[in-house]
Amino acid sequence: MPQPVSSRELTVRGLIIGALITVVFTASNTYLGLRIGLTFASSIPAAVISMAVLRLLGGGSILENNMVQSQASAAGTISTVFAVFPALILVGHWARFPYLETMGLTAAGGMAGVLFTIPLRRALVNESSLPYPEGVAAAEILRAGHEQSERGARSDGLVTLILGTVISAVFSFASGGLRVLSDGAAVVFTSGSAVFRLSTGFSLALLGAGYLVGIAGGLAMLFGYVLSWLIAVPWLTAITPNTDHLAPAAFATWVWMHKVRFIGAGAIALASVWTLGELAGPVIRGVKDALTSRVGVATDNRDLSPRTIGLVAGGLFVVVAGLLTVFLLPFTSHVIVPVLFGTVFLFIFGFLTAAACGYMAGLVGSSSSPISGIVLIATVLVSSFMLGMDYVGLLPAVFSANGHHLAIAFTIFILSAIVASAAISNDNLQDLKTGQLVGASPWKQEAVLLLGCGIGALVVPPILNLLYQAYGFTGALPRPGMDPARALAAPQPAIIAMVSSGIFEHNLDWTMISIGLVLGAALIVLDRVLKRRALSLPPLAVGIGLYLPPAVSTTIAVGAGLGWWLQRRMGRTEAEAGAGTMIASGLIVGESLMGVALAAVSGLSGSDSALAVVGSGIAPWDTILGCLAFVCVCWWFVVRVRKTTGTCM
């Protein structure tokens, strides 16, 4: 006979389990985000792990599982600050990530995002018909796990997740540690002065990310690669003088970094603004409903009390102001005006962002919500406001010295808190929807979300420091002699650094950006035409494909194609909610955690090849072996999904 299931909700063991999962997914998402600019949703893997662990301990309940996944989801989302903080390295303001400033602003921004969503919950969750795709999916998985627990059924979900994690970690160790497997292959060829590059990667994390992104996003990113490396780069290398007499491969890379990426940035900007514009009407109506909705008093449906919210908000206001002051004091004692501006801007723009992101997440899902657009808009707004304040003399002279260096750095620092707030707002209403569907207490869930932000923030600075010291970022290596090919792309920080610096220094490459804007408009029209035929080519994903390194886009497309094939063979629902999601998540977690572990080894040894057992003499066998191993993992992926789907909850 199955054991009766407890109705406990907020427990000490649940908080501990949630904290441990938090560390894993924060590290994984930070690594993945810096590498490809994408993260994976941690709610479903966290729910599966929680159910398995609590079942072993005995007495677990669906409500306790929901609290664990809420905490882990918030912490996994708080890692989105990877999109901003590295920009301070790229502009030369930081040489490392100081713990107090990085942790404090991450936690404060994330917790502010939680508070911003509380007054929106009743209208946008309880009294709304928004679909909340991830929130509903997480609730269904929790219910299925609860039913299996009551029947005493076996759970294969955790086993599948662990298998994917171990396989990916071993592959990553052989590739990034021992260097016996290559992490990609590329062929460069020329036609006259034009340079072409065919490239693919063997990253299992990217394979898993592509599976989760889906076929529309994967093909869009592949199309971005084609536009970038088979059209734009050949055209520009043919018309741009190679004054430094670089080798064809090096010259093509230079053209891509200094010209084509600006085209991608322009396309991303227009696609993001267009998406926001399409949702403007529903967002305004949703916020209006939220502000005018009746506040119920039912005990099982109450939020954190107004007094608690006020105290936490006041504390966060003081903390943010204090951190901005600490950031500026080494350079000037005149901090009142910029600190007041940064703090007030965070809370006003943060609430508006929370409403917009929350509604968009409910409408199209957290993964599809255009956070990149919010970040770009915030970058332009903060930079423009700061530049205007400088022109009218509200800022001390030090802000405009050295090409507005301090103004650029302070802008990026403010943006980090805004991004944390926006990302959490984008995710929290999904979690609250899950809680509503399984009967959770909102105030307890909101408290756990605050805790998740705090715990996740604790581990963000050391992870960022480890990754930077071990790999460096494209355009910023911490030590001479490091391999730039292994540097993390850090695409979002690069865009933020480029846009903010360009606004202050008036040196944005408007020719390439304008081409990107025109391209973005064409992609929007093309996408709308395709949608009439039940097809899709997301313009934002195409822009990202233009902007990311070539091997990233092609490998993600492989994962997306693998998922599409499985969906056709097995049905969309089974392929998405079954073993495939667990394997894909495991592949991401395994490579990400191994990347962090190798970063620690590199940091301790002072070498980025401390574990390498062979030199360059193994080429091209490392490429052949890497390709064979990658194909074998793809084959195992298909076999495992077809074998275990339907039993992995």
Side-chain angles (χ1 to χ4, degrees), residues 25 28 32 38-52 69 133-134 136-138 140-145 147-148 153-172 200-219 221-222 365 367 554-594 627-649:
F25 287 138
S28 301
L32 190 69
L38 298 173
T39 59
F40 72 105
S42 53
S43 295
I44 291 176
V48 172
I49 295 173
S50 169
M51 286 187 291
Q69 75 87 16
E134 288 96 342
V136 173
E140 290 301 319
I141 286 177
L142 289 172
R143 286 169 176 164
E147 292 171 0
Q148 284 190 340
R154 184 173 64 93
S155 172
D156 288 336
L158 182 61
V159 174
T160 303
L161 184 73
I162 291 175
L163 276 174
T165 301
V166 171
I167 289 173
S168 183
V170 171
F171 189 101
S172 181
T200 189
F202 304 141
S203 164
L204 298 186
L206 297 182
L207 180 72
Y211 184 94
L212 298 177
V213 164
I215 190 64
L219 288 180
M221 294 185 69
L222 182 62
S367 302
T554 53
T555 312
I556 287 177
V558 171
L562 191 67
W564 173 82
W565 184 83
L566 284 170
Q567 288 174 15
R568 291 198 47 153
R569 300 279 297 187
M570 309 182 65
R572 175 176 295 273
T573 302
E574 289 185 346
E576 288 181 350
T581 297
M582 294 299 105
I583 294 174
S585 300
L587 295 180
I588 294 171
V589 170
E591 181 174 321
S592 301
L593 293 184
M594 182 55 66
C627 181
L628 289 174
F630 183 79
V631 171
C632 288
V633 172
C634 291
W635 175 81
W636 170 82
F637 194 133
V638 172
V639 172
R640 182 72 186 182
V641 169
R642 300 186 68 180
K643 177 181 178 182
T644 61
T645 292
T647 63
C648 73
M649 294 297 182

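Quick caveat: nothing in here was measured; it's all calculated off a predicted structure. For the numbers below, each heavy atom of this structure counts, side chains included, while hydrogens, waters and symmetry mates do not.
- Considering all non-hydrogen atoms of both residues, Gly218 and Ala557 come closest at O-CB, 3.7 Å.
- The closest donor-acceptor contact from the side chain of Thr555 to the backbone of Gly201 lies under 3.5 Å.
- Summarising the geometry of Met594 relative to Ser172, their closest heavy-atom pair is CG-OG, 3.7 Å, with the distance given to 0.1 Å.
- Remark: Phe637 pairs with Tyr211 by the ring pair (Phe, Tyr, Trp, His ring centres under 6.0 Å) rule, at least two apart or across chains.
- Evaluation of the side chain to side chain contact (heavy atoms under 4.5 Å, CB included) rule for Val166 yields Ile162, Val170 as partners, not counting sequence neighbours.
- Considering CD1 of Ile556 and CG of Leu219, their distance stands at 12.0 Å, rounded to 0.5 Å.
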Verify side-chain contact (heavy atoms from CB on, under 4.5 Å) between Leu204 and Phe630, making sure each step is shown before the conclusion.
CA-CA 7 Å; Leu204 298 186; Phe630 183 79; 3.8 Å; yes
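- Two residues are said to be in side-chain contact when any heavy atoms from C-beta on lie closer than 4.5 Å; Leu163 and Ile583 fail this criterion.
- Interatomic distance, Gln567 CD to Leu562 CG, rounded to the nearest 0.5 Å: 10.0 Å.
- Across all non-hydrogen atoms, the minimal contact from Gly586 to Ser168 is O-CB, 4.2 Å.
- Under the side chain to side chain contact (heavy atoms under 4.5 Å, CB included) criterion, Ala216 pairs with Ser536, Pro538, sequence neighbours left out.
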